[in-house]
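Worksheet: the structure to be examined is printed underneath.
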Amino acid sequence: MKGYVILISVVAALGGLLFGFDTAVISGTINFIQPYFGLSEMELGWTVSSLLFGCIAGVFIAGKAGDHYGRKKVLMLAALLFFISAIGSASANALIYFLIARILGGLAVGVASILSPMYIAELAPAKYRGSLVSLNQLAIVIGILVAFFSNYLLVDSGINNWRWMLLVMAAPAVLLFFSLFLVPESPRWLVARQRNDEALAVLIKTTGEDSAPSELLQIEETLKIHQESVFTDLLAPKIRPLLFIGIILAVFQQITGINTIMYYAPKIFANVGDSNGTALLQTIAIGCTNVVFTLIAMAMIDRFGRKLMLILGSAGMMFMLLGLSALYFMKQTSGIMVLVFILGYIACFSASLGPAVWVVIAELFPNRLRSKGMSVTIVTLWIACTLVTITFPIMLKKLSGGITFFIFAVICLANLLYVWRYVPETKGKTLEELEHQFTK
Ligand code: BGC
């Protein structure tokens, strides 16, 4: 039973791997596509962020299509889009084709960013749900690490090196597509489509013969209102607070600065005077720290709960950022300590906000409204991600590292206080028990 659930989660998490790979791969290609397409700095900025516009559209499409056609079929569509995007961007001879291919990739990232965690949360038994949804985050960070490594290995492969870097993504896309044939549809979606017999069969395989019938009953209960849900249902008095919690957590996950490091690490290291070679090694150290501490989080999340991890993680991130800020103020940025604080910050994020925010977002909403609630929440996450990504280089230049990292430290403190005061603990309960608790 456990093996079967893990297999399902691993397959769905391949969506997360492609999400991580596709967002990070671009960093290694920048120096080559800029001269090839003759891009100004501003055009480069737009080219890099083109993916993001696709993401936002993808989240909305996935929310709607996932309810209509099922989580699994839409994930298959995402796999196809990843494949087309890999081939299209790798073979583009004109900027317009490159942009179209990246936007299609963005659509797929958007779809995967909502459907992978949703699908896992809907299939996982309550006891392991935190760890299993975190598997998606593990896949994201492995995807990022693979992109860093493969870019590094391919950089000397000639004038078409950037094409090879982008083409690599086709392989996991094919793997995701075919492995989706091995897994069942979400039982919660099946019940919503009145396919209860199939749902029961899946539940028997995932939660066991004894508990399956009662779980089916609970799911039926929560889906009793048969009319189609609409987005404005999210504003109903009992749902609105959940929506706020989701949105605020998603925004905090981004505005505490993780992607300033993920996307700009080489720039930060170069800024403090490191050579290209060490900058690359340091980037790989970041990728590895990310993976190791995500694994640690997975082992802890169902035992210690999401809330405690979020609180401790925010505190740790704050201290690391204060340290980094102090180094900038004292003009001591040339030593090993910059790396120590950055790795410490990544470790704290990976063991807390990284996985736990995705887990909580997938758990908060009632069955009827899950995809709509997740759509709105995750779209805000992507918007916050873009804003930070666009403003960080300007902040670093205009405000200096000292003030910039101090601001992020203050935001971590705000996150800590918010979680402590407002975020409910969700560990160990079924999605239906949570629904009962939140909407009673
Ligand atoms: C975040 C991404 C981030 C990644 C890095 C994810 O949870 O949503 O924005 O790049 O973690 O570890």
Side-chain angles (χ1 to χ4, degrees), residues 13 15-27 48-49 51-52 55-56 58-59 106 109-118 120-121 130 133-148 246-266 283-298 301 306 309-310 313-314 316-317 320 342-362 374 377-392 408 411-412 415:
L17 186 124
L18 281 150
F19 157 0
F21 187 94
D22 206 11
T23 49
V25 70
I26 195 80
S27 66
V48 172
S49 44
L51 178 104
L52 219 111
C55 282
I56 293 173
V59 174
V109 172
V111 172
S113 71
I114 168 168
L115 285 190
S116 291
M118 181 194 298
I120 300 176
V133 178
S134 303
L135 202 67
N136 189 53
Q137 171 71 10
L138 180 69
I140 296 175
V141 298
I142 292 179
I144 294 176
L145 185 62
V146 170
F148 286 162
I247 289 179
I248 293 173
L249 280 181
V251 170
F252 268 129
Q253 197 212 39
Q254 294 298 318
I255 64 173
T256 41
I258 185 63
N259 288 319
T260 64
I261 310 286
M262 281 298 134
Y263 302 167
Y264 292 105
T283 314
I284 290 177
I286 288 177
C288 293
T289 309
N290 218 348
V291 171
V292 170
F293 282 85
T294 306
L295 281 168
I296 294 177
M298 286 172 65
I301 193 158
R306 294 65 168 140
M309 281 169 59
L310 285 169
S314 309
M317 286 162 71
M320 297 298 162
I342 287 184
L343 291 183
Y345 167 80
I346 297 288
C348 294
F349 174 87
S350 310
S352 62
L353 272 69
V357 167
W358 288 104
V359 171
V360 175
I361 289 174
M374 285 183 75
T377 313
I378 297 174
V379 161
T380 4
L381 183 142
W382 284 115
I383 293 174
C385 172
T386 334
L387 291 180
V388 174
T389 311
I390 292 174
T391 48
F392 177 68
F408 286 126
I411 300 176
C412 288
N415 182 42

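Remember, it's 1-based here, ligands and their atoms both numbered in the order they're listed.
Rounded to the nearest 0.5 angstrom, Phe349 CZ and Met320 CE are separated by 15.0 Å. The distance from atom CG of Asn290 to atom CG of Leu343, rounded to the nearest 0.5 Å, is 10.0 Å.
Side chains of Asn415 and Ser314: a donor on one and an acceptor on the other come within 3.5 Å.
Counting atoms of ligand 1 from 1 in the listed order, those under 4.0 Å from a heavy atom of Val141 are 12 (O). Taking every non-hydrogen atom of Trp358 and a distance limit under 4.0 Å, the qualifying atoms of ligand 1 come out as 6 (C), 7 (O), 8 (O). Interface of Phe349 with ligand 1, defined as ligand atoms under 4.0 Å from a residue heavy atom, comprises 11 (O), 12 (O). Within ligand 1, counting atoms from 1 as listed, the ones closer than 4.0 Å to a heavy atom of Asn290 are 12 (O).
For Thr23 (side chain) and Gly20 (main-chain N/O), a donor-acceptor pair under 3.5 Å exists by modelled atom type. When atom types are taken as modelled, the side chain of Gln253 and the backbone of Leu353 share a donor-acceptor pair closer than 3.5 angstrom.
Scanning all protein heavy atoms for the shortest distance to atom 7 (O) of ligand 1 gives Gln137 OE1, 2.8 Å. Nearest protein neighbour of atom 10 (O) of ligand 1, counting heavy atoms only, is Asn259 OD1, 2.7 Å. Distance from atom 1 (C) of ligand 1 to its nearest protein heavy atom, with residue and atom name: Gln253 OE1, 3.5 Å.
The side chain to side chain contact (heavy atoms under 4.5 Å, CB included) check on Ser134 picks up Met298, Ile301, Pro355, Val359, with sequence neighbours excluded.
Considering each of Thr389, Ile144, Leu353, Leu138, the one bringing a non-hydrogen atom nearest atom 5 (C) of ligand 1 is Ile144.
Ring pair Trp382/Phe19 is tilted by interplanar angle, where 30° to 60° counts as tilted.
Ligand 1 does not have Cys385 within reach: every non-hydrogen atom of the residue lies 4.0 Å or more from it.
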